[in-house]
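Just so you know, these numbers come straight off a predicted model, no measurement behind them. Residue numbers start from 1 in every chain, and the chains themselves are labelled A, B, ... in the order their sequence lines are given, proteins ahead of strands.
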Amino acid sequence: MFRDQLVNTVMTIARLKTGFAIAFLAASSALLPAISSAQSFSAVVSPPRFEVAVQPGKTIRQVIEITQASNEKGTYRVYTNDWTIGADGNAQFSDDLAPNSCRPWVSLERRELTIAANAKVRFRFEITPPADASATECRFAIMIEGAEQVVKATGAMTFPVSGRVGVVVYAGVGDATPRLEITQGGTRAVDGMIVPVFNIKNTGNAHGRAMGFLKGTDPEGLKIDFLPEPLPILPGQTRSIALVPQAEGNAALKFKYPLNIQGAIEWSDSLNSKKTQIDFRFDAPAPASPASAASALPTPPAPAIKAPPASSGTAPK
Amino acid sequence: MRVASSKLYLWLLLTVCPVATVFAEQSTTTPARPTPPVDDAKVSGTYVDRVMEGVSAQDESDKANDIYDSQGWSRGFNVQFTRNVQTSKDNAAFLTGSRNDTRTETQGFQIDTFIEAPNFGTLSLQALALGGSNVSGLSSWTLRQVGLPFDNGWRADNALGTTNLLMPELSRRSSRLTLPGPQVIGASTQWRRAGSDQWGNDELKLGASVGEPGRFEGFPQARFAGSGGRVSSVFAEVARGPWTFAATAAEGNNIVPESGFVDTDSVNAVKRISPSNFYLSTAYTDRAVGSGVPDFIVQLSAIGSRADGVSSTGIYADINWRAGAHRHEASVFYLERGLMWLDRALAADLQGAAYRYGYSSTQWDISANVESFDSISRASPRGWFASGGTRYLLSTKLSAGGGFAVRDFGGNSSSAFAYLQSTNSYGTTRAQVDASTSDNGPTSQALTLEHSFFTEASLSLSTTLSVERIKPERLQAVNDSTNSGFVSTERSSQNAFAVGLNGRYLLTDTLSAQANLRARQLRNADGRGNNDSSIALNIGLDWQITPSWSFNASIYENRGVVTDSILVESPLATPIVVRSRPNDRGVFVSLRYSIRAGSASAPLGGRIGGGAGKIEGTVFLDTNGNGRRDGNESGAANVVVVLDGRYTTRTDAIGNYKFSDVAAGPHALTVVQDDLPLPWTMDIDRRYDAPVSTRGTTRIDMGAKRIQ
């Protein structure tokens, strides 16, 4: 189910980001007598991310399904990027080869792709770690970028139209595994609600995610279910993970601090599953100034889509 | 080719990226050897990705040259040629081991086309013609017109051909008592109006339909088989604030009851009926602020039926409410004996009450249902039915659940199941145990293992294994020329073993194979008697030859009857007529051509599919200032006319202008006076009202006056 949500998110964000340019064009066309037809970014990509395992010296092949959701053909450039998570929680993508990048282990089916209208293409890529590779996690992104179109309007105005979508790949090499250490954090605002936060440190050599069902109890005995944000925590990284309260049916979400939260945090990579029992008490947050409250807002859980040449992105999945 | 591509690759890397040269050398000399991560010192510049070698990339470029024709109205056209070669025999012949197979060869020609015609809705035609050894002619066809706009917010949907008898939406809202809409070959029209009218209604729907009832039969080319007679219905449904009202009248003339429509060969022997029905219902709905999800619903419905001299009435009232994660539904019902809706039998001869409960949270899903019954005719003693189910997520990868159903009404029967489901590195595995028992019917216990494999994107695969122990029913129905009723039987227990497989593999971007198998072997535990087996198999190949052309081929075999678990159902459930399917095997191929073109367009000032008309007229030089164009007054050429301050056009050489596609409703025209020849002008603030009606033409002549 969560996988479906991710797919939907990627599709939606891709349309939103590229749709901005299209919406702008549409708005402009109401003012201008004529406008040339333009190719818009219409690629729908599945899956939005890969979490796979591969042994040193072996090759693993995976397939991305790219659908041209348009009545016009689409031309795309396909390439890899390195990425990491910046201090602001957003992904930073880079064309340049990062130190210790595993992109040289990666082969793409091709670098240019033309897809017929409404057609679907299975795009293949391979990962081949060297035989002497030590346990690690190979992380990179496959970027699918629409060929930039310059749309000419009657008069002297032109609009560059393009967009790209990134598919994040986590490939565990050998016995790479996450090792999460969970400590109590404070609170922060999520969608206008102050929620408790964990600080999770990953001392392993593969990324991890916090999952599981947590029970909260407020001072009046009200029981609330919480789910941790399913964001990746990269090796060596400490990340603030909010616990999101779950509304039951049509009941309003209202709870008070101090809040006791108990349950098991499950964390795993694609193969391993481990649990950490937690029992934390979160006190009422101190009143925050407007500025600090704004900075505490969470980053939107969106995949990487940016119009080139900007290289920063949003939170990866 | 491979050498050439390697050279090109090397050239690219050498010229584009010095860093990548290292990898180029390695990949060209030892292509299969992986490349280690780069050292920090070597990192600079833009990296050029390696390209897989030894892989024949699917070249989409040729197909991509097909250019979509976006001109004209949005339209689509599909045509399909099919051929089916089938060998079949009915179940009786199969059970007796008869070898009298029937071989049929059938060709099909199917058209499915549509066009979105502004102002006339979406017009579509679906038709299937079959020809062969046992069937020929037009097997089913439907001509539809959806979304035909009219003024004041009315829209109409019309259908001619194979369609459904129309029913109001309210008749499908009650969870326990829904009214079926039989399939007919005939005609239907439904009119709906959204938005407040002069009577304060928020929505109004009116519908009428008539036709010969029937059903689709045949595999894989289904044809509509009429059963004779005629059914008709008219309904009205109105929503006003939180209240909704619906009324329906329906009648049948010389039709076959569905329960008697088992064997087409014996249709003429079945007694026909001429029923008449009415349905009245009202509901009050309170919706949650913001989400619009109903929080509280009260509905009261009444059904009346008269068939074969028997008049029956049914009354059903239920109330639904939500409180947080808790959902409640309480009902009372009074359903007289013989209650029917046209050709379908409904739950009947029952009175009682029911309560349902549901709860959903992050980890829990719980449902419970209790129903109490009494036979109105006293044909059966008082009884009850209860069912429940739960699912609990122990972790994100492990869940458990179970359920039960117990019925004590006209005999005792019960069933229960429990399962455990786990997601692991190989996929998702589910183990389930089922058990059922009844007074005189069969009893069974079953263990089922299901697994859906985690596979690469090009493959999907799920499997099922099941073992079952069945004790056949002790009383067996007999209805032949000499005996009628039940006889006691002493059959030994049976063991069943069943397998299931469902898979699909994408061979290339355009070619995929799929398989579906359900097989069951039934053996008598004492080793005596005949063993029964059943199989349902379908293996197919799909080939997308070009974006427009596709080909499909499949082989299939159906033997025996693959049954599902024995169900214990509420007496309130609408009785289901189980139909047997002949044993058959065959080959089915189809060639399909599909094309779409055009683009949807919205009228000026409206939305796609909205009603529209025209505005036309003249800008003229009003010499005598009387506001009308007289014979000696000339038109003003090349003057810009503005519609609603947004859309513009110019007058032609004789002063005529036209907006050919304008949304129905009020509009205003202005003229840009700067374009008028001197000494002519128009009042700057002059706006000409231009009301437009759907498919109508509004004529507005605008006169310029001479500057004094």
Side-chain angles (χ1 to χ4, degrees), chain A residues 30 37 46-47 57 59 61-65 71-75 79-80 95-111 113-122 124-126 128-133 211-213 225 227 246 248-251 264 266 270-271 273 275, chain B residues 19-20 22-23 27 32-40 42-53 55 57-58 60-61 63-68 70 288 291 293 295 322-327 360-363 393 395-397 424-425 456-458 506 508-509 544 547 596 599 646 648:
Chain A
S37 63
S46 176
T59 296
R61 178 181 292 183
Q62 294 291 322
V63 176
I64 302 172
E65 285 191 349
N71 287 329
E72 297 177 9
K73 70 178 181 181
T75 302
Y79 55 95
T80 61
D95 272 337
D96 295 339
L97 212 55
N100 296 318
S101 171
C102 67
R103 287 159 64 196
W105 300 349
V106 179
S107 301
L108 303 179
E109 181 178 316
R110 67 178 94 174
R111 303 189 192 99
L113 191 62
T114 300
I115 311 176
N118 299 308
K120 182 162 66 178
V121 163
R122 296 167 59 240
R124 292 161 283 191
F125 67 95
E126 288 181 348
T128 309
D132 57 352
M211 297 180 290
F213 307 109
D225 290 339
L227 296 179
Q246 304 299 302
E248 289 196 342
N250 59 352
E266 301 167 40
S270 57
L271 296 176
S273 183
K275 286 185 178 180
Chain B
V19 174
V22 177
F23 313 121
S27 61
R33 186 177 169 185
T35 310
V38 290
D39 187 80
D40 292 7
K42 297 176 183 174
V43 177
S44 67
T46 300
Y47 176 70
V48 176
D49 292 295
R50 294 170 56 188
V51 175
M52 290 163 60
E53 296 194 3
V55 173
Q58 302 297 320
E60 294 292 316
S61 301
K63 297 175 194 169
N65 287 332
D66 291 346
I67 296 173
Y68 183 82
S70 60
S291 68
V293 176
D295 267 349
R322 295 195 314 159
H326 307 274
R327 303 180 304 278
S360 296
S361 72
T362 310
Q363 287 177 271
L393 298 178
S395 72
T396 55
K397 295 184 175 177
N424 48 56
S425 55
E456 59 174 299
S458 57
L506 300 173
T508 71
D509 285 348
Q544 189 73 41
R596 287 197 62 176
S599 50
R646 298 171 62 191
T648 61

For this session: State which residues pass side-chain contact (heavy atoms from CB on, under 4.5 Å) with A:Leu108; sequence neighbours excluded, sorted by chain then number.
Result: A:Val78, A:Thr80, A:Val106, A:Phe123, A:Phe125, A:Ile142, B:Asp49
Exercise. Which atom pair, heavy atoms only, marks the closest approach of B:Lys397 to A:Glu266?
Worked result: N-OE1, 4.3 Å
Exercise. Do A:Phe213 and B:Thr396 come close enough that some side-chain heavy atom pair is under 4.5 Å?
Worked result: yes
Exercise. Among all residues two or more places apart in sequence or in another chain, which pass the side-chain contact (heavy atoms from CB on, under 4.5 Å) test with A:Ala133?
Worked result: A:Pro56, A:Trp105, A:Pro129, A:Pro130, A:Val173
Seminar exercise, completed: Heavy atoms of A:Pro104 and B:Arg50 approach each other most closely as O-NH1, 2.8 Å
Problem set entry | Distance-minimising heavy-atom pair for A:Asp225 and B:Ser361 | OD2-CB, 3.9 Å
Exercise. Which heavy-atom pair separates B:Met52 from A:Arg124 by the least distance, and what is that distance?
Worked result: SD-O, 3.6 Å
For this session: For side chain to side chain contact (heavy atoms under 4.5 Å, CB included), just list the numbers for A:Glu65 and B:Leu506, CA-CA rounded to whole Å, side-chain angles, deciding distance to a tenth of an Å, and then say yes or no.
Result: CA-CA 11 Å; A:Glu65 285 191 349; B:Leu506 300 173; 3.6 Å; yes
